[in-house]
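Accompanying notes for the structure given below.
Both ligands and their constituent atoms are indexed starting at 1 by order of listing.
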Amino acid sequence: MRALKLHEVSLADRLADRAVDALIDEADLSPKPALVDRRGNGAHSDLHLGLMHASALSLWPMFKEMAEAALEFGEVGVPLREALGRIGREGEQAMLITTHGVNTHRGAIWALGLLTAAAALQPHAVTLTAAKLALLDDRFAPQPLSHGAQVAQRYGARGAREEAQLGFPSVMQRGLPQLHKSRQQNAGEQNARLDALLAIMTELADTCVLYRAGYEGLTTMQQGAQAVLDAGGSATLAGRRQLHALDQHLLALNASPGGAADLLAACLFIDRLDGAL
Ligand SMILES: CC(C)(COP(=O)(O)OP(=O)(O)OC[C@H]1O[C@@H](n2cnc3c(N)ncnc32)[C@H](O[C@H]2O[C@H](COP(=O)(O)OP(=O)(O)OP(=O)(O)O)[C@@H](O)[C@H]2O)[C@@H]1O)[C@@H](O)C(=O)NCCC(=O)NCCS
Ligand SMILES: Nc1ncnc2[nH]cnc12
C-alpha cells in the first residue's frame with residue numbers, strides 16, 4: 001500500500017499563522033482597558049471584535065509574503081526593507097478593503113511585519129534583526145502627516161518607528177518579563193496576558209492615546225496600568241478593581257491604547273516563536 005504523502009507546512013506559512021494567531025488572541029483578550037475585546041468596542045465607534053478578526057485574517061497572505069521575501073533576500077539590507085515596505089502597503093490596502101476603510105491594524109502591520117521577516121531571517125536574534133530592518137530607509141515610503149507624526153511634533157514622543165528601531169523595549173523589557181512572571185505566579189493565562197499588556201502600558205508613549213487625549217491621557221494610562229500591577233495584577237480582586245477604574249478613566253477621556261495592543265500581539269508572537277521554528 002502506498003504511504004500517504006504528508007504536506008509539509010513551510011516556515012513562511014507557520015510564521016504567518018503565528019502572527020495572525022497573536023492578533024486574534026490580542027483582540028479576544030478581555031477585559032482590556034478602553035480597547036475592543038469580547039465585551040465591546042472600548043473607546044471606538046467604528047471598530048468591533050468581528051472586524052478585528054476579519055482584519056487579522058486578511059493580513060495572513062501579507063505576513064507569509066514578508067517571511068518569503070526575507071528568506072529570498074537572505075540578509076538585512078535596503079532591498080529587503082523596501083520589499084517589506086511594498087508588501088506592508090499592499091497589506092494595509094487589503095486590510096482597508098476588508099474593514100471598509102477603518103484602521104484596525106496599521107501599527108501591527110509594522111511591528112509584526114518586521115518581526116515576521118526577522119524571525120524568518122535570524123530566528124535567534126529576532127528583535128535585533130527587526131530593529132536593523134526598521135533603521136533602514138525605504139525610498140518609496142510615503143511621508144504623510146500621520147497621527148504619530150503630529151504627536152511627535154507636538155510632544156516629541158517616541159512612536160511606533162522608534163519602538164521598532166530600539167528593538168521593541170516595551171515588549172522585551174516590560175511585556176515579556178511580566179508575562180513570564182505572572183505565569184510563574186499561576187495567575188492563569190488570560191490574566192498573565194492582561195498583566196503583560198499593562199506592563200507595556202506603564203512606559204509606552206502610545207501615540208494613539210496622545211493624539212486623542214494628550215498628556216493627561218498618557219499619564220492616566222501609564223499610572224493606571226502601574227496601579228493594577230502594584231495592587232497584585234489582574235488575577236487579584238484589588239488588581240481587578242484598579243483595572244476597572246483604568247477602563248473607566250480611559251473611556252472618559254476617549255483614549256484608546258491601540259499601540260499597546262499591537263505590542264501585546266508582538267509579545268505573544270515572540271513568546272510562541274519557539275514552537276513555530
Ligand atoms: C512607520 C509607521 C509605523 C508609521 O508610524 P507613524 O507613527 O508615523 O504613523 P501612525 O499612522 O500614527 O501609525 C502608528 C501606529 O502604530 C501603533 N502605535 C502607536 N504608538 C505606538 C508606539 N509607541 N509603539 C508602537 N506602536 C505604536 C498604532 O497602531 C494601532 O492603533 C491604530 C488605531 O489607531 P487610532 O488612532 O485608534 O485610529 P485612527 O483611525 O488612526 O484614528 P482615530 O481617529 O480613531 O483616533 C491601529 O492601527 C493599531 O494598529 C498607531 O496607529 C508605519 O506604520 C508606516 O510607515 N506606515 C505607512 C504605510 C507603510 O509603509 N506600511 C508598510 C510598513 S512595513
Ligand atoms: N483591541 C484593539 N482595540 C482597539 N484598537 C486596536 N488596535 C489593535 N488592537 C486593538
Side-chain angles (χ1 to χ4, degrees), residues 22-49 51-53 55-56 59 62-63 66 69 80-93 95-96 99 101-117 130 133-134 136-153 155 157-166 168-171 175 197 200-201 203-213 217-218 221 250 254-266:
L23 290 178
I24 290 189
D25 285 350
E26 177 275 303
D28 284 348
L29 183 66
S30 308
K32 294 191 300 289
L35 289 160
V36 176
D37 63 14
R38 286 186 184 279
R39 297 170 306 158
N41 304 346
H44 294 270
S45 54
D46 54 358
L47 293 181
H48 56 81
L49 189 58
L51 204 63
M52 300 304 292
H53 281 195
S55 168
L59 296 175
M62 179 203 74
F63 289 127
M66 285 184 169
L80 174 58
R81 171 69 189 90
E82 291 183 344
L84 295 175
R86 176 188 56 75
I87 299 165
R89 286 188 288 278
E90 287 169 8
E92 193 170 312
Q93 287 315 306
M95 171 193 87
L96 291 172
T99 64
V102 181
N103 171 14
T104 37
H105 283 124
R106 184 164 208 244
I109 291 173
W110 168 250
L112 280 175
L114 289 168
L115 290 168
T116 302
L133 283 166
L136 295 170
D137 274 335
D138 170 5
R139 280 172 299 166
F140 306 105
Q143 309 283 340
L145 198 55
S146 62
H147 290 175
Q150 291 175 52
V151 158
Q153 274 181 8
Y155 302 101
R158 248 176 34 196
R161 189 185 305 275
E162 291 78 11
E163 176 70 20
Q165 289 175 340
L166 291 168
F168 297 96
S170 302
V171 176
L197 174 67
I200 289 168
M201 286 177 176
E203 283 181 11
L204 188 73
D206 191 316
T207 59
C208 301
V209 172
L210 276 169
Y211 182 79
R212 286 200 190 184
L218 193 69
M221 176 189 84
L250 288 178
N254 191 34
S256 166
D262 289 338
L263 292 174
L264 174 68

Is the closest N or O pair between [X] and ligand 1 shorter than 3.5 Å?
X    : value
P142 : no
W110 : no
S146 : yes
S256 : no
R81  : no
G259 : no
I109 : no

Please name all residues satisfying salt bridge (Lys or Arg N to Asp or Glu O under 4.0 Å) with D25, sequence neighbours left out, ordered by chain then number.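 Scan of D25 (salt bridge (Lys or Arg N to Asp or Glu O under 4.0 Å), adjacent residues dropped) gives R193, R272.
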
Considering only the protein, which heavy-atom contact is closest to [atom], and what is its distance?
atom                    : answer
atom 31 (O) of ligand 1 : C208 SG, 3.1 Å
atom 59 (C) of ligand 1 : E92 OE1, 3.5 Å
atom 23 (N) of ligand 1 : A205 O, 2.8 Å
atom 15 (C) of ligand 1 : G107 CA, 3.6 Å
atom 56 (O) of ligand 1 : R161 NH2, 4.5 Å
atom 12 (O) of ligand 1 : G148 N, 2.8 Å
atom 44 (O) of ligand 1 : H147 CE1, 3.8 Å
atom 19 (C) of ligand 1 : T207 OG1, 3.0 Å

Considering [options] one by one, which has a heavy atom nearer to [atom] than any of the others?
atom                    : options               : answer
atom 32 (C) of ligand 1 : D206, L84, N103, L210 : N103
atom 46 (O) of ligand 1 : E162, R212, Q150, R89 : R212
atom 14 (C) of ligand 1 : G159, A157, A160, G88 : A160
atom 55 (C) of ligand 1 : R106, Q165, Q143      : R106

Any side-chain heavy atom of [X] within less than 4.5 Å of one from [Y]?
X    : Y    : answer
M52  : L35  : no
H44  : V102 : no
L250 : S256 : no
L49  : R38  : yes
K32  : E26  : yes

What do we get for [X] next to ligand 1 when only non-hydrogen atoms under 4.0 Å count, side chain, backbone, both or neither?
X    : answer
T104 : backbone
A141 : neither
R158 : backbone
A261 : neither
D262 : side chain

I need the atoms of ligand 1 closer than 4.0 Å to a non-hydrogen atom of [X], numbered in the order shown.
X    : result
E163 : 24 (N)
H105 : 48 (O), 50 (O)
L204 : 22 (C), 23 (N), 24 (N)
H44  : 37 (O)

For the atom pair [atom1] ([X]) and [atom2] ([Y]), what is the distance rounded to the nearest 0.5 Å?
X    : Y    : atom1 : atom2 : result
H147 : L210 : NE2   : CG    : 12.5 Å
I109 : I87  : CD1   : CD1   : 12.0 Å
D28  : L23  : CG    : CG    : 11.0 Å

So which residues, sorted by chain and number, lie with a heavy atom under 4.0 Å of ligand 2?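 Close residues (ligand 2, cut-off 4.0 Å): E26, K32, L35, V36, H44, L47, M52, T104, G258, A261, D262.
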
So for A108, does at least one of its heavy atoms come nearer than 4.0 angstrom to any atom of ligand 1?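 Yes, that is the case, since the closest heavy atom of the residue is under 4.0 Å from the ligand.
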
Can you name the residues that form a side-chain hydrogen bond (donor to acceptor under 3.5 Å, both in side chains) with Q165, not counting sequence neighbours?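 Q165 satisfies side-chain hydrogen bond (donor to acceptor under 3.5 Å, both in side chains) with no residue once adjacent residues are dropped.
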
Give a yes or no on whether a salt bridge exists between E90 and R86, defined as a side-chain N under 4.0 angstrom from a carboxylate O.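 Salt bridge: yes.
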
Output every pair passing salt bridge (Lys or Arg N to Asp or Glu O under 4.0 Å) with a member in residues 106-116, not counting sequence neighbours, ordered by first then second residue.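 Found E92-R106.
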
